[in-house]
Amino acid sequence: MEFFEVINKRRSIRKFKPDPIPKEDILKILDAANWAPSALNLQPWEFLVVTGNKKNMLGSNYGKIVDHYTKDWDAAPDKAFMPRQEFIQFANIYGGAPAVIIVLVEAHKDPKYQKAFIESASAAMENMLLAATALGLGGCWMTGPLDDEQYLREVLSVPDDREIVAISPLGYPMLIPDARPRLDPDLTRKVRWLE
Ligand SMILES: Cc1cc2nc3c(=O)[nH]c(=O)nc-3n(C[C@H](O)[C@H](O)[C@H](O)COP(=O)(O)O)c2cc1C
């Protein structure tokens with residue numbers, strides 16, 4: 001797939017086929033993530049590939065988070081970026097994805113470093129999602145599951161010297177949603193040219 005086609009085709013996927021992903025493709029995607037730029041070239045990221053029962057446990061926990069988070073959505077439909085029940089169904093099983101990827105970074109006491117580490121890991125995260133798209137796979141950048149970070153830390157044995165940055169299911173899309181419209185497609189308000 002051509003580079004700009006990959007950029008335009010990437011969508012947040014929330015419904016997956018159950019087909020397993022070849023290990024070499026997972027490694028290819030994580031290799032793309034590992035090639036991201038990073039502050040001071042510290043490459044502070046790590047990746048957890050979660051499948052099986054641990055993945056199911058994470059899903060049940062995220063389902064409860066989404067149920068709680070969306071409880072006023074029926075009364076306030078403008079808040080709902082997707083139907084509430086659909087969102088809960090997705091969360092409970094991570095959309096049926098065969099794997100879930102967790103991106104970690106080294107924790108740093110200095111907020112300046114901490115910010116740079118999170119930014120570096122975010123670059124890795126986007127590389128990962130684009131590489132997945134290029135291989136016909138899909139994911140969804142998620143920070144919602146971090147609402148119960150303590151649970152994630154326990155189930156995944158994440159030590160205190162690591163931050164959890166984001167989570168993404170990974171799998172073959174069953175449903176590819178329409179592109180979300182850009183707020184300023186012509187870039188007339190988002191770009192300023194200065195001389
Ligand atoms: C930092 C960040 C956090 C996000 N957290 C969640 C989340 O917790 N759950 C979820 O379903 N989607 C989450 N998303 C995905 C956004 O909802 C999605 O990117 C947005 O609606 C645009 O859709 P698109 O990715 O298909 O272009 C997150 C995206 C980003 C960048």
Side-chain angles (χ1 to χ4, degrees), residues 1 3-16 29 32-33 36-37 44-45 47-48 50 55 57-73 76-97 99-105 114-153 155-156 158 163-185 187 190:
M1 214 186 286
F3 177 73
F4 288 97
E5 197 187 349
V6 174
I7 300 262
N8 292 327
K9 283 226 162 121
R10 184 213 55 80
R11 298 271 81 76
S12 288
I13 303 298
R14 297 187 179 84
K15 233 177 209 176
F16 298 88
I29 288 164
W45 45 69
F47 309 102
L48 305 178
V50 186
K55 185 199 66 174
M57 289 167 76
L58 299 188
S60 305
N61 185 253
Y62 185 40
K64 282 185 211 146
I65 291 171
V66 170
D67 187 30
H68 179 73
Y69 174 74
T70 60
K71 64 182 181 314
D72 63 344
W73 276 21
D78 48 320
K79 268 194 183 179
F81 74 97
M82 65 189 288
R84 178 170 190 255
Q85 283 313 322
E86 214 176 283
F87 195 13
I88 295 170
Q89 236 174 344
F90 154 66
N92 263 324
I93 53 166
Y94 278 109
V100 167
I101 311 291
I102 320 269
V103 180
L104 305 178
V105 277
Q114 193 51 34
K115 184 169 178 279
F117 281 5
I118 301 280
E119 287 165 349
S120 305
S122 297
M125 185 81 186
E126 180 66 358
N127 270 14
M128 179 177 103
L129 293 174
L130 293 176
T133 305
L135 291 175
L137 288 147
C140 180
W141 188 320
M142 294 194 301
T143 51
L146 289 167
D147 281 5
D148 193 353
E149 189 177 337
Q150 201 45 45
Y151 181 83
L152 293 179
R153 285 188 175 277
V155 171
L156 303 168
V158 177
E163 288 282 329
I164 305 173
V165 179
I167 296 184
S168 176
L170 186 68
Y172 296 96
M174 170 106 85
L175 187 86
I176 300 177
D178 291 339
R180 311 302 297 268
R182 295 300 91 187
L183 296 176
D184 180 20
L187 298 176
K190 289 203 183 275

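Both ligands and their constituent atoms are indexed starting at 1 by order of listing. This one's a predicted model, so the numbers in the text were calculated from it and none came from an experiment. Index from 1, following the sequence. Note: hydrogens, waters and symmetry copies are ignored here, and every other heavy atom, side chains too, is used.
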Any atoms of ligand 1 less than 4.0 Å from a non-hydrogen atom of [X]? List them with their elements.
X    : result
F87  : 11 (O)
C140 : 10 (C), 11 (O), 12 (N)
F90  : 11 (O)
R10  : 24 (P), 25 (O), 27 (O)
R11  : 26 (O)

Starting from atom 19 (O) of ligand 1, what is the nearest protein heavy atom, named by residue and atom, and what distance separates them?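 Residue, atom and distance for the closest contact: S12 OG, 3.3 Å.
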Nearest neighbour in protein (non-hydrogen) for atom 13 (C) of ligand 1: W141 O, 2.9 Å
Is R180 close to ligand 1, meaning an N/O of one under 3.5 Å from an N/O of the other?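 Between R180 and ligand 1, an N or O pair is found under 3.5 Å apart.
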Would you say ligand 1 has an N or O under 3.5 Å from any N or O of G144?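 Yes; the residue has a nitrogen or oxygen that sits under 3.5 Å from a nitrogen or oxygen of the ligand.
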With E119 via salt bridge (Lys or Arg N to Asp or Glu O under 4.0 Å) - residues at least two apart: K115
Taking all non-hydrogen atoms of both residues, which atom of I29 and which atom of A132 are closest, and how far apart? CD1-CA, 3.8 Å
With a 4.0 Å cut-off on heavy atoms, is M82 in contact with ligand 1?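 Checking ligand 1 against M82, which is what was asked, there is no heavy-atom contact under 4.0 Å.
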In this structure, does ligand 1 have an atom that sits under 4.0 Å from one of the heavy atoms of Y62? yes
Tell me the nearest of M125, R14, R182 to atom 10 (C) of ligand 1, using heavy-atom distances.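 Going through M125, R14, R182 one by one, R14 has the nearest heavy atom to atom 10 (C) of ligand 1.
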Which option, L129, V165, T143, owns the non-hydrogen atom nearest atom 3 (C) of ligand 1?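 It is T143 whose heavy atom sits nearest to atom 3 (C) of ligand 1.
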Backbone N or O of A32 within a donor-acceptor pair of the N127 side chain at under 3.5 Å? yes
Backbone N/O of M1 and side chain of K9: donor-acceptor pair under 3.5 Å: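 No.
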Between D67 and R84, does at least one N-O distance fall below 4.0 Å, as a salt bridge requires? yes
Counting the benzene-type ring for Trp, do F81 and F87 have ring centres under 6.0 Å apart? yes
If you take the centroid of each ring, where Trp contributes its six-membered ring, are Y62 and Y94 closer together than 6.0 Å? yes
